[in-house]
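Structure first, then comments.
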Amino acid sequence: MITQAPRGVQDWYGTEMHKRTVIEKIARDLAKTYHMKEIITPIFEHTVLFQRGVGETTDVVQKEMYTFLDKGDRSITLKPEGTAGAIRAYLEHNMYAQPGPTKLFYVTPAFRYEKPQSGRLRQHHQFGVEFVGSKSPMAELDLITLVTTLIQKLGLKDAKLHINSIGCENCRKDYNEALLAYLKEHEDHLCSDCKERMKKNPLRVIDCKVESCKAIIKDAPRTIDYLDDECKEHFEELQSLLTEMNIPFEIDTSIVRGLDYYTRTVFEFVNSDGFTLCGGGRYDGLIHEIDEKQDIPSVGFGMGIERILYFLDKEGVDLEPEEPIALYVGILGKEARSQAYKIVHDLRSQGLIVETDYMDRSVKAQMKYANKLGALKTVIIGQDELTKRVVSVKDMNTGEQTEVSLDKIADLCI
């Protein structure tokens with residue numbers, strides 16, 4: 001139907017739009033205190049960027065991307081996440097030539113074809129950060145403290161940090177061999193997707209959501225038992241830093257994240273029901289995968305705006321309410337319209353939220369409408385008020401009326 005949006009998307013307006021605006025403002029303001037710069041990348045990219053960056057064996061690439069041929073027969077994909085596009089921009093614009101690290105944040109739409117459910121839509125919105133140029137676990141600490149602070153500022157309580165290390169290319173080889181050997185023993189009970197993942201990227205099996213596969217994975221080899229000395233030291237230092245910052249965490253070896261580009265640290269903020277609010281980690285090989293001439297470490301996270309709203313609703317957290325209408329200017333008679341509207345305009349230019357009549361309502365109907373809108377104060381302006389340059393401003397909560405010069409209305413409303 002023309003008047004019904006496609007499945008898995010939503011319109012933003014009213015209370016939900018206000019909540020989203022508040023969340024994004026809090027996130028943007030916080031990111032700026034970390035000296036992070038906002039970046040906006042295109043909604044679509046060349047498909048190969050996601051195939052190489054996200055990983056051809058991932059569910060995102062194999063099942064969830066919105067991919068099409070444009071009029072020039074180029075394969076184009078609506079971005080399923082924010083990292084690949086941000087890193088592409090980092091490389092294209094030679095940001096690496098500037099003193100590092102480079103810290104970028106974004107609020108972006110993302111598109112995935114999957115079953116719509118609460119907190120997960122086919123078009124959703126992410127607040128994300130890319131921290132490029134540092135191998136130190138201090139980079140992970142920077143992002144984790146940012147997310148921790150954001151959660152606190154939003155008023156959420158039920159979101160705990162889970163961390164894991166999946167090692168690097170060096171130690172992953174031994175781990176993959178051990179994991180593959182284990183999976184072969186249980187191959188008959190794996191889902192069809194995991195049987196294919198075994199051949200291409202055994203680590204992907206750990207991220208499977210099928211219950212029969214999850215039961216098998218419980219006893220699978222753990223990545224942290226196969227870390228080389230450098231990866232082990234990195235993970236231990238991160239734990240020490242988190243402890244020093246009094247950030248509680250849980251080592252969760254089931255976390256591998258759903259994208260191929262992750263290395264070493266992976267983390268999630270999870271509630272008591274196992275629902276993920278935020279996910280991220282380190283991806284030191286991603287830039288090299290996109291541009292073989294470059295080899296620059298990076299770390300980042302993505303946090304769904306819809307997911308934040310789900311958590312807020314679940315915990316019953318109220319964000320700051322929308323700022324009310326400071327003054328409703330009622331208009332009495334056609335001859336007063338232009339002068340009354342000029343006053344409305346002047347008050348708005350002083351930063352006040354002001355509403356007036358556009359529907360030719362009677363004065364009584366205007367006052368009912370002002371009350372319905374929740375206006376804090378009202379005033380009626382007719383030819384008599386314009387001639388005398390004096391009006392009566394009514395406080396809608398107390399009913400008290402105050403006579404004031406037209407030039408002083410703002411003083412009563414600020």
Side-chain angles (χ1 to χ4, degrees), residues 2-5 10-33 38 40 107 125 153-155 305-306 308-309 312-313 316-414:
I2 294 175
T3 56
Q4 184 172 341
Q10 75 175 81
D11 299 309
W12 292 92
Y13 65 97
T15 301
E16 291 301 294
M17 184 68 240
H18 170 68
K19 290 179 182 178
R20 176 178 163 184
T21 301
V22 171
I23 291 167
E24 291 184 9
K25 184 179 187 307
I26 292 172
R28 281 188 168 96
D29 290 347
L30 180 59
K32 289 173 183 176
T33 68
E38 187 165 11
I40 298 176
V107 178
H125 301 81
K153 284 181 174 289
L154 290 170
I305 303 295
E306 288 83 354
I308 293 173
L309 285 166
L312 290 169
D313 289 344
V317 177
D318 293 323
L319 296 174
E320 64 180 64
E322 193 166 0
E323 192 175 349
I325 296 170
L327 180 69
Y328 182 92
V329 176
I331 301 175
L332 176 60
K334 289 185 179 180
E335 64 278 3
R337 280 180 181 173
S338 61
Q339 287 299 309
Y341 188 80
K342 185 177 185 302
I343 292 168
V344 168
H345 175 70
D346 289 343
L347 290 169
R348 286 171 175 169
S349 69
Q350 296 177 59
L352 291 176
I353 299 176
V354 182
E355 188 55 282
T356 191
D357 178 54
Y358 305 94
M359 308 297 289
D360 292 332
R361 292 183 173 97
S362 67
V363 170
K364 184 177 180 180
Q366 288 185 62
M367 291 302 99
K368 283 185 177 180
Y369 180 58
N371 189 54
K372 189 174 182 180
L373 291 177
L376 300 179
K377 292 182 170 64
T378 59
V379 64
I380 301 296
I381 297 178
Q383 195 59 53
D384 191 42
E385 285 77 15
L386 291 171
T387 301
K388 295 179 179 178
R389 305 300 293 173
V390 174
V391 292
S392 179
V393 178
K394 181 178 180 180
D395 187 309
M396 296 296 282
N397 291 320
T398 65
E400 181 183 352
Q401 298 194 49
T402 305
E403 280 201 350
V404 63
S405 163
L406 275 177
D407 301 327
K408 301 293 183 180
I409 294 178
D411 295 344
L412 289 182
C413 301
I414 293 175

Starting at [atom1] of [X], measure out to [atom2] of [Y] and round the result to the nearest 0.5 Å.
X	Y	atom1	atom2	result
Glu335	Arg337	CD	CZ	9.5 Å
Ile381	Gln339	CD1	CD	9.5 Å
Ile380	Lys364	CD1	NZ	13.5 Å
Leu30	Leu154	CG	CG	9.5 Å
Leu352	Ile409	CG	CD1	10.0 Å
Ile308	Arg20	CD1	CZ	11.0 Å

Test: Glu322 and Lys19 ion pair at under 4.0 Å: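 Lys19 and Glu322: not salt-bridged.
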Check against side-chain contact (heavy atoms from CB on, under 4.5 Å), Arg348 and Glu355: CA-CA 9 Å; Arg348 286 171 175 169; Glu355 188 55 282; 3.8 Å; yes
Using every non-hydrogen atom in the two residues, find where [X] and [Y] come nearest and quote the distance to one decimal.
X	Y	result
Thr356	Val329	OG1-O, 2.7 Å
Leu327	Cys413	CB-SG, 4.0 Å
Glu306	Gln10	CG-OE1, 4.2 Å
Gln383	Ala336	N-CB, 4.0 Å
Ala370	Thr378	CB-CG2, 3.7 Å
Leu376	Pro324	CD1-CG, 3.9 Å

Min side-chain heavy-atom separation [X]-[Y] under 4.5 Å:
X	Y	result
Ile343	Leu386	yes
Thr402	Asp395	no
Leu347	Gln350	yes
Leu312	Ile23	yes

Backbone of Gly382 reached by a side-chain donor or acceptor of Glu385 within 3.5 Å: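 Such a contact is found between Glu385 side chain and Gly382 backbone.
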Donor-acceptor contact below 3.5 Å, side chain Gln366 vs main chain Ile331: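 Answer holds: yes.
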Lys408: side-chain hydrogen bond (donor to acceptor under 3.5 Å, both in side chains) partners, not counting sequence neighbours: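 For Lys408, no residue satisfies side-chain hydrogen bond (donor to acceptor under 3.5 Å, both in side chains) once neighbours in sequence are set aside.
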Option among Asp357, Asn371, Val379 that satisfies the side chain to side chain contact (heavy atoms under 4.5 Å, CB included) test with Tyr328: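 Answer to the side chain to side chain contact (heavy atoms under 4.5 Å, CB included) test with Tyr328 among Asp357, Asn371, Val379: Asp357.
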Crowding at CD1, Ile40 (>12 non-hydrogen neighbours, <6.0 Å):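 No, not enclosed.
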Exceeds 12 heavy-atom contacts within 6.0 angstrom, atom OH of Tyr13: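 12 or below, so no.
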